[in-house]
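Only one structure is covered here, and it is reproduced in the block below.
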Amino acid sequence: MRLLKGLKLGALLLAFSLGSAIAETNVISLTPSGTRVELVDQNDHSLLFRVDLGELQAEEVLTPRGLFTRLSVPGFSRSHEV
């Protein structure tokens with residue numbers, strides 16, 4: 001019985017991972033000038049940036065809580081380091 005549950009779980013995880021790997025990414029064009037970042041102002045306590053987004057990428061992601069759309073900006077990445 002445990003082996004059958006383990007196989008079912010493995011097949012389900014494989015289906016989710018393959019589904020994400022072949023998910024279609026849609027491009028949402030925003031401006032023809034492209035994506036850029038400009039430092040507008042700075043002082044001892046803050047930085048002020050202007051960000052123009054040329055396009056967004058939208059990808060459907062299936063999670064245990066349901067289907068969501070992940071938005072990303074091509075060429076940008078996230079970092080938790082400052």
Side-chain angles (χ1 to χ4, degrees):
M1 186 72 165
R2 283 187 178 176
L3 178 61
L4 185 57
K5 284 184 181 180
L7 289 174
K8 285 182 182 178
L9 179 61
L12 186 61
L13 290 174
L14 180 62
F16 282 145
S17 65
L18 287 177
S20 321
I22 60 174
E24 181 180 339
T25 300
N26 296 306
V27 176
I28 304 166
S29 295
L30 301 173
T31 61
S33 60
T35 299
R36 65 189 188 108
V37 178
E38 176 186 359
L39 178 61
V40 175
D41 191 27
Q42 65 181 351
N43 60 43
D44 292 339
H45 305 286
S46 65
L47 298 172
L48 177 63
F49 292 97
R50 176 189 167 119
V51 178
D52 294 322
L53 298 178
E55 65 183 32
L56 290 174
Q57 290 182 344
E59 177 184 8
E60 290 187 346
V61 178
L62 185 58
T63 72
R65 291 189 165 210
L67 186 63
F68 294 90
T69 301
R70 176 187 301 144
L71 296 176
S72 61
V73 180
F76 279 60
S77 64
R78 66 178 179 214
S79 170
H80 299 285
E81 297 179 21
V82 177

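Note that the structure is a prediction, hence the values are computed from the model and not measured.
Atom CG of Leu56 sits about 12.5 Å away from atom OG1 of Thr25, to the nearest 0.5 Å. The CG atom of Leu39 lies 6.0 Å from the CG atom of Leu47; values are rounded to the nearest 0.5 Å.
Identified under the side chain to side chain donor-acceptor pair (under 3.5 Å) test for residues 37-51, with sequence neighbours left out: Asn43-Ser46, Arg50-Asp52. Listed by first then second residue, pairs satisfying side chain to side chain donor-acceptor pair (under 3.5 Å) with a partner in residues 67-76 number zero, not counting sequence neighbours.
Grouped with Val27 in a hydrophobic cluster is no other residue, since no side-chain heavy-atom contact under 4.5 Å to another Ile, Leu, Val, Met, Phe, Trp or Tyr is found. Hydrophobic cluster membership for Val40: Leu48 (Ile, Leu, Val, Met, Phe, Trp, Tyr linked by side-chain heavy atoms under 4.5 Å, directly or transitively).
Here the closest non-hydrogen pair linking Ser29 and Glu55 is CA-CB, 4.2 Å.
Under the side chain to side chain contact (heavy atoms under 4.5 Å, CB included) criterion, Thr35 pairs with Leu53, Val73, Phe76, not counting sequence neighbours.
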